[in-house]
Amino acid sequence: MRRELRKKNRMTLFLINLGLILVVCAAFYVMGKNETVTVNSIAVNVRNGPGVSYDITSQVSRGQTLTIVEERNDWYKVKYSDDKTGWVASWLVSNSKTSANTNITATVNTEGSKLRKANSTESDILAELAKGTTVSISKEENGWSKVTVNDQTGWINTTLLDISDSTEDETTSQKLYASQDETNIREEANIDSTVVEKVSYGASLTILKTDGEWYQVQTEAGQTGYVANWVVSFAKPDSEKQTATSIAEATIILDPGHGGEDVGAETQNGTYEKEVTLATAKAVKKELEKTGANVLMTRSGDQTVSLKKRTDLSASNQADVFISLHYDSTEGTNVASGTTTYYYYNRDKSLAKLINTELEDDLPIPNRGYEYNDLYVTRENTQPALLLELGYLNSDNDAKYAVSSSYQQKVAKAITAGLKKYFNQ
Ligand SMILES: [Zn+2]
């Protein structure tokens with residue numbers, strides 16, 4: 001009995017030691033797999049916190065390599081020159097390890113699979129995905145996949161995904177873009193090898209195969225050679241070189257009003273508000289993305305989305321600005337015309353004024369000003385929020401403009417101009 005007990009104690013001690021060794025090993029493992037990212041834009045602000053409201057402490061420039069030490073809300077805390085640390089917007093840098101996987105797509109295999117904010121079953125649910133939904137995987141961690149679906153990024157348990165195994169084939173015909181001026185294309189996959197061609201910033205390269213940290217590529221001129229994965233990007237760089245502006249670091253949520261069973265107002269010709277708000281939101285998104293901003297939509301198709309889901313998305317992404325897009329209508333024979341900008345909190349009054357001024361200057365219909373209104377999506381929003389009424393659909397004059405893509409484009413330009421001023425003030 002006593003011997004047994006001692007044996008047991010020894011066993012316990014052994015297990016504790018083993019445990020300790022494992023913990024130490026795990027710590028080394030975590031420390032050893034520090035990921036690095038490369039700066040994509042010509043200059044990116046480094047801030048003292050994860051968001052545009054934090055102070056700029058420094059700037060990093062295109063091509064610079066940063067080591068990720070922490071990730072929060074799509075912002076990376078990075079280590080850069082001389083071991084200084086700070087926060088950068090994740091969408092302005094590219095992760096060489098991640099981008100190698102960008103093209104992996106998968107299909108949701110279970111009806112109602114939950115897309116979560118973080119990689120845990122405790123985390124907030126961003127959306128429920130239907131069986132058969134296609135997602136693109138950017139990263140995998142502890143049995144969870146970070147995926148993008150309908151402009152939304154979140155985590156899904158990897159067991160709920162069927163990963164297509166055709167990625168090899170997709171990779172071979174995939175394009176890369178040079179992310180530096182005078183990007184070297186070399187004879188072999190090492191930095192000492194002879195340069196066979198230099199390509200300019202933004203030049204497209206076709207991947208022939210992957211070789212460690214190098215890609216064998218074919219240039220636009222037909223030259224075959226090797227390029228290092230840290231000087232290229234999967235995202236096509238902007239032709240206009242970006243400078244560090246706050247809007248480029250901002251997360252903006254666009255909320256196309258109504259959707260699905262909720263059709264909203266209607267033009268005399270039977271076009272529903274839900275269609276016009278979606279088309280407008282898509283135009284605004286495109287325009288905003290030219291600035292480098294991270295743009296999310298509360299819906300990107302004709303779905304019914306509750307008001308709560310819309311404001312939840314704003315909170316969970318810590319949006320810098322939430323903009324709800326609507327078109328008005330009047331009862332009976334009273335016909336009104338023009339745009340109105342609504343805010344709820346005083347904090348959002350200056351934003352309302354800036355955007356409304358641009359709408360007033362750019363749009364061909366009357367401007368009814370900006371004012372307080374008690375509306376759900378602005379009131380229940382933890383983030384700066386506005387609701388724009390962009391014209392009266394029951395007014396023939398306003399409706400004629402509202403349904404046209406040239407008007408929607410003007411709205412897109414006006415909102416973008418207003419937001420640029422807002423973020424730079
Ligand atoms: Zn509406």
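Owing to the predicted nature of the structure, the values given are computational and were not obtained by experimental measurement. Counting convention: from 1, in listed order, for ligands and their atoms alike.
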| request: May I ask you to list the protein N, O or S atoms found at less than 2.8 Å from the Zn ion (ligand 1)? | output: His258 NE2, Glu273 OE2, His326 ND1
| request: Let me see the working for Val335 and Asp398 under side-chain contact (heavy atoms from CB on, under 4.5 Å), right down to the final yes or no. | output: CA-CA 10 Å; Val335 176; Asp398 286 15; over 6 Å; no
| message | Heavy-atom count check: over 12 atoms from other residues, nucleotides or ligands less than 6.0 Å from Lys146 NZ? | response | yes
| request: Output all residues satisfying side-chain hydrogen bond (donor to acceptor under 3.5 Å, both in side chains) with Glu287, sequence neighbours left out; order by chain, then residue number. | output: Lys290, Gln409
| task | Please report the C-alpha distance between Leu254 and Val295 in whole Å, then the side-chain angles of each, then the deciding distance to 0.1 Å, and finally whether the side-chain contact (heavy atoms from CB on, under 4.5 Å) criterion is met. | result | CA-CA 7 Å; Leu254 297 175; Val295 186; 3.7 Å; yes
| request: Measure centre to centre between the rings of Tyr372 and Tyr342, then say whether the value is under 6.0 Å. | output: no
| field | Heavy atoms of other groups near Lys400 NZ, more than 12 under 6.0 Å | value | yes
